[in-house]
Amino acid sequence: MKIPLKDIAEPVLFFIALLALWELLVKLVHVPAFILPPPRALYSAFTAKYFILGRHAMITFLEAVGGFTLSFVLGVGFAVSVVYSRHLQNTIYPLIVILYAMPKSAFAPLMVIWVGYGLFSKMAIAFLVAFFPIVVNTVVGLKEVEPELLELARINRGSQWDVFKKIRLPNSLPYMFAGIKVALVLSVTGAIVAEFVAANEGLGYLVLQANYSLDTAFALVILLMLALLSLVLIVAVELLQRKMVPWSAEVRQIEGSF
Amino acid sequence: MKNQAAGGRRQKIFVEKLVQSFDTLAVIDRISLSVAEGEFLAVVGPSGCGKSTLLRILAGLVTPTAGRVRIDGEEVQGPNPRHNLVFQDHALYPWRTVFQNVALGLEMQRQGREAIRKKVSELLTLVGLEQFAGYYPHQLSGGMRQRAALARVLAVDPDVLFLDEPFGALDAMTRLILQDELLRIWLHSGKTVILVTHDVEEALFLADRVIIMSTVPGRIREVIPVAEKRPRDRGSANLASLKRTVLGILGLEPVIGNVRVPDTNFSI
């Protein structure tokens with residue numbers, strides 16, 4: 001894929017101009033550094049503390065990805081059972097809907113009591129927020145199959161397993177990927193919120209510490225780190241999606257837009 | 001050539017007083033018909049006349065409200081790979097390549113990998129898609145998709161082939177080419193074909209008999225035998241005159257002078 005030089009130069013120049021303007025305005029208007037530090041202060045905060053930043057980022061990454069992985073495994077499993085079992089649809093599904101209506105991050109204080117102070121209470125919150133987009137999207141993907149595709153399986157006397165493996169599951173993949181992308185971003189947010197509530201490590205904890213000492217420059221650096229974290233995860237999923245569902249319309253459209 | 005002229009052969013499909021109604025609306029009203037083994041039958045009619053529903057009942061996908069369908073003397077009670085269907089909108093699996101799509105029915109019949117590979121390659125050659133085995137449906141043209149759909153049905157070697165407006169979404173040129181191909185394949189196959197179409201010329205070019213249906217309720221209005229030898233000349237005077245007859249029955253007769261001859265007892 002060849003990208004025209006103009007499409008690289010334009011955003012790069014734009015960001016340089018933005019940073020220059022920021023630096024200039026902060027100087028001219030004399031904004032106090034604890035309200036808005038200049039970009040150079042961010043840079044020095046980063047170079048001074050990148051080791052700490054990296055260590056805490058690793059913690060948050062583990063919490064988010066751990067929680068997400070759990071939500072993926074349980075979410076897909078749950079979606080499949082709901083689609084195939086009327087009993088579960090009548091019993092567990094309404095329960096899940098009630099849970100869905102609750103703000104999941106409000107569970108964070110409870111999770112400390114239930115799961116403890118460490119990594120796992122954060123994973124639990126990341127899991128809770130990521131679970132629903134996975135379930136909802138997978139259920140839709142398993143159900144919304146073109147009727148002709150199912151009729152074809154009927155005509156050819158395909159087994160239930162054939163219909164699941166060869167029709168419903170592949171049909172659900174694009175939906176599942178859409179859910180995964182939402183779930184990943186949410187799981188990072190979930191981990192951060194859980195760290196706000198009770199933690200002694202992770203980026204959420206770190207940003208609170210920076211706030212307490214009015215180190216706004218470092219707080220902003222941490223936010224940028226969080227953006228980077230989410231972006232890395234999204235890009236990884238995007239690449240995986242292209243590999244796994246090259247036939248999907250959404251994937252084709254994304255390819256076209258790059 | 002196995003298929004030529006339908007005269008004096010054994011009955012393959014027997015339809016008796018078929019009724020299909022949704023709530024109180026009769027979509028199909030007492031249709032009876034029989035189709036000879038190896039016959040090519042076309043069904044034409046205005047949209048909404050129940051011709052697709054009729055096909056789906058014959059294929060066992062829909063249970064009729066009343067009446068019976070027998071194929072080879074056995075009552076149709078559900079879908080059967082021996083009586084296979086080509087859908088209007090190709091219905092290819094987007095996540096499967098052309099090869100995998102054609103292989104689907106064979107996979108479901110639990111055939112061996114090698115047997116599947118051999119059969120699929122054979123059929124892709126037959127429909128002229130051997131170069132495109134590894135392509136996904138979205139990478140193909142409309143005509144190629146219908147070829148793949150046809151190959152997929154032929155792969156399980158059905159003896160009855162139901163075609164539900166298979167070329168309806170194609171451009172005029174591609175449609176003519178695929179009609180020729182379908183004819184070629186059918187002539188060598190001995191299969192019984194029922195083609196539902198809204199294209200009168202297509203029906204007359206391909207079929208031994210053309211059934212004209214009326215709408216709401218769907219009834220058989222007229223059966224027109226086409227005696228002409230194959231391959232037929234699309235421009236022949238005989239076909240042109242038959243076309244005029246069919247269009248007349250459908251209430252679409254050509255304008256004579258400036259006056260459109262009205263059909264007194266039929267309207268679309």
So what's closer than 4.5 Å to chain B heavy atoms on A:Leu173: side chain, backbone, both or neither?
-> neither

Which pair of heavy atoms, one from [X] and one from [Y], lies closest together, and at what distance?
X        : Y        : result
A:Trp247 : B:Pro94  : CB-O, 3.0 Å
A:Pro246 : B:His138 : O-CE1, 3.8 Å
B:Pro79  : A:Arg154 : CD-NH2, 3.6 Å

Mind ranking B:Asn80, B:Asp89, B:Leu104 by heavy-atom pairs under 4.5 Å with chain A and telling me who comes out on top?
-> B:Asn80

Does [X], at its [atom1] atom, have more than 12 non-hydrogen atoms belonging to other residues, nucleotides or ligands within less than 6.0 Å?
X        : atom1 : result
B:Tyr135 : OH    : no
A:Tyr100 : OH    : no
A:Phe196 : CZ    : yes
B:Glu75  : CD    : yes

Between [atom1] of [X] and [atom2] of [Y], what distance do you get to the nearest 0.5 Å?
X        : Y        : atom1 : atom2 : result
A:Leu152 : B:Met108 : CG    : CE    : 7.5 Å
B:Glu107 : A:Asn156 : CD    : CG    : 10.5 Å
B:Arg56  : A:Glu151 : CZ    : CD    : 4.0 Å

Under 4.5 Å from a heavy atom of chain A, the part of B:Leu106 involved | neither

Inter-chain contacts: residues 142-149 of chain A against chain B, heavy atoms under 4.5 Å = A:Glu148, A:Leu149

By number, which residues in residues 185-193 of chain A have some heavy atom less than 4.5 Å away from chain B?
-> none

Close side-chain approach of A:Ser159 and B:Arg110, heavy atoms under 4.5 Å | yes

Applied to residues 149-169 of chain B, the salt bridge (Lys or Arg N to Asp or Glu O under 4.0 Å) test, sequence neighbours excluded, yields B:Lys12-B:Asp159, B:Lys51-B:Glu165, B:Arg82-B:Asp159, B:Asp157-B:Lys191

Residue pairs, two or more places apart or on separate chains, that pass ring pair (Phe, Tyr, Trp, His ring centres under 6.0 Å) and touch residues 67-93 of chain B | B:Tyr93-B:Trp95

